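Here the structure is laid out as C-alpha cells; the discussion comes afterwards.
Quantities reported herein were computed from a predicted structural model and do not represent experimental measurements. Keep in mind that the numbers below use all heavy atoms, side chains included, and drop hydrogens, waters and symmetry copies. Residue numbers start at 1 and run along the sequence shown.
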Amino acid sequence: MRVDKYVACQVSRATLPLRAASASRLPAFRTLVTKKYTKEHESVAFDDATGVGIIGITKHAQESLGDVVFVDLPKVGSNFAKGDPIGAVESVKAASDIYAPVSGEIVEINEGLNGEPGLINRSPEDKGWLCKIKLSEPMEIHELLTLEAYLKDHTHE
C-alpha cells in the first residue's frame, strides 16, 4: 500500500508542470459573440473580436417561406447601410427580400447555398447562413432585438 501512495504522489507532481504550462498558453482575453434579430426575421451573430457579423434568417422565417429553391446573395466587397436590401430568398410559396440588419462591407458569402439552397430549411441559423459582414457601425448591433424580444414580437403576428 505504501508504494501505491508514493507512486500516486509522484505521478501527480510530474503532471503539475504540464498543466501549468498548458494553462499559460490560453489566450488572456475572451471574445463575445452576440446574436441579435430584426422584426423582419433576419439574424446577425456579431463577434466583437473580429468586428464581423454572420447574417442569416431565423427558423421562423424559413418555416414561413417553406422549401427554399433559390438564394440571391450579395457580392463580396459590396457595402450596405442598415436596412438596405442585400439579397432575396425564393421558395415554392413566395419570395422574400433580405435586408441588412447592420451597416458594413460583405466579406464572405455562403457559396454552399448556390448549389444547395435547402440548407436554409435544414439549418437556418447554422449552416444556412447567408453572408458575413464587417460592421462599419458596431454600435448598431445594440439597436437590434434580443432573442427574448424577437420571440415576444413575432409570436403576436
For [X], enumerate each residue passing the side-chain contact (heavy atoms from CB on, under 4.5 Å) test, keeping only those at least two apart in sequence or located in another chain.
X: E63; result: K59
X: E108; result: W129, K132
X: D72; result: F70, A88

- [ ] Hey, could you give me each pair passing side chain to side chain donor-acceptor pair (under 3.5 Å) that has a residue in residues 133-144? Not counting sequence neighbours.
- [x] K82-E143, S103-E140
Residues in side-chain hydrogen bond (donor to acceptor under 3.5 Å, both in side chains) with [X], at least two apart?
X: T58; value: Y150
X: K35; value: E125
X: D67; value: none
X: S43; value: none

Pairs under 3.5 angstrom only: tabulate donor-acceptor contacts from the side chains of residues 111-118 to other protein residues two or more places apart or in another chain.
| residue | atom | partner | partner atom | Å |
| --- | --- | --- | --- | --- |
| E111 | OE1 | N114 | ND2 | 3.1 |
| E116 | OE2 | R122 | NH2 | 2.2 |

What pair of heavy atoms forms the shortest contact from [X] to [Y], and how long is it?
X: L145; Y: T38; value: CD1-C, 4.0 Å
X: Y99; Y: G83; value: CD2-O, 3.3 Å
X: N110; Y: G128; value: ND2-C, 4.1 Å
X: P101; Y: L144; value: O-CD2, 3.6 Å

Open item on the list: Using only atom types and a distance under 3.5 Å, with no angle test, would you say the side chain of S78 pairs donor to acceptor with the backbone of P74?
Closed with: no
Task: Any donor-acceptor pair under 3.5 Å from D84 side chain to A81 backbone - done: yes
Joint cluster assignment, [X] & [Y], ILVMFWY side-chain distance < 4.5 Å:
X: V76; Y: I86; value: yes
X: L119; Y: I54; value: no
X: I106; Y: V71; value: yes

Task: Under the ring-ring contact (aromatic ring centres under 6.0 Å, His included) test, residues paired with F80 that sit two or more places apart - done: none
Open item on the list: Can you tell me how far apart CD (E40) and OG (S96) are? Round to the nearest 0.5 Å.
Closed with: 9.5 Å
Open item on the list: Through direct or indirect side-chain contacts below 4.5 angstrom among Ile, Leu, Val, Met, Phe, Trp and Tyr, which residues connect to V107?
Closed with: V52
- [ ] Go through the steps to decide whether F46 and L135 satisfy the test side-chain contact (heavy atoms from CB on, under 4.5 Å), and finish with yes or no.
- [x] CA-CA 9 Å; F46 175 66; L135 277 67; 3.8 Å; yes
Beyond-backbone contact of [X] with [Y], side-chain heavy atoms, under 4.5 angstrom:
X: L65; Y: V89; answer: yes
X: I98; Y: I57; answer: yes
X: E105; Y: I133; answer: no

Task: Check against side-chain contact (heavy atoms from CB on, under 4.5 Å), L130 and I120 - done: CA-CA 9 Å; L130 302 171; I120 290 177; 3.8 Å; yes
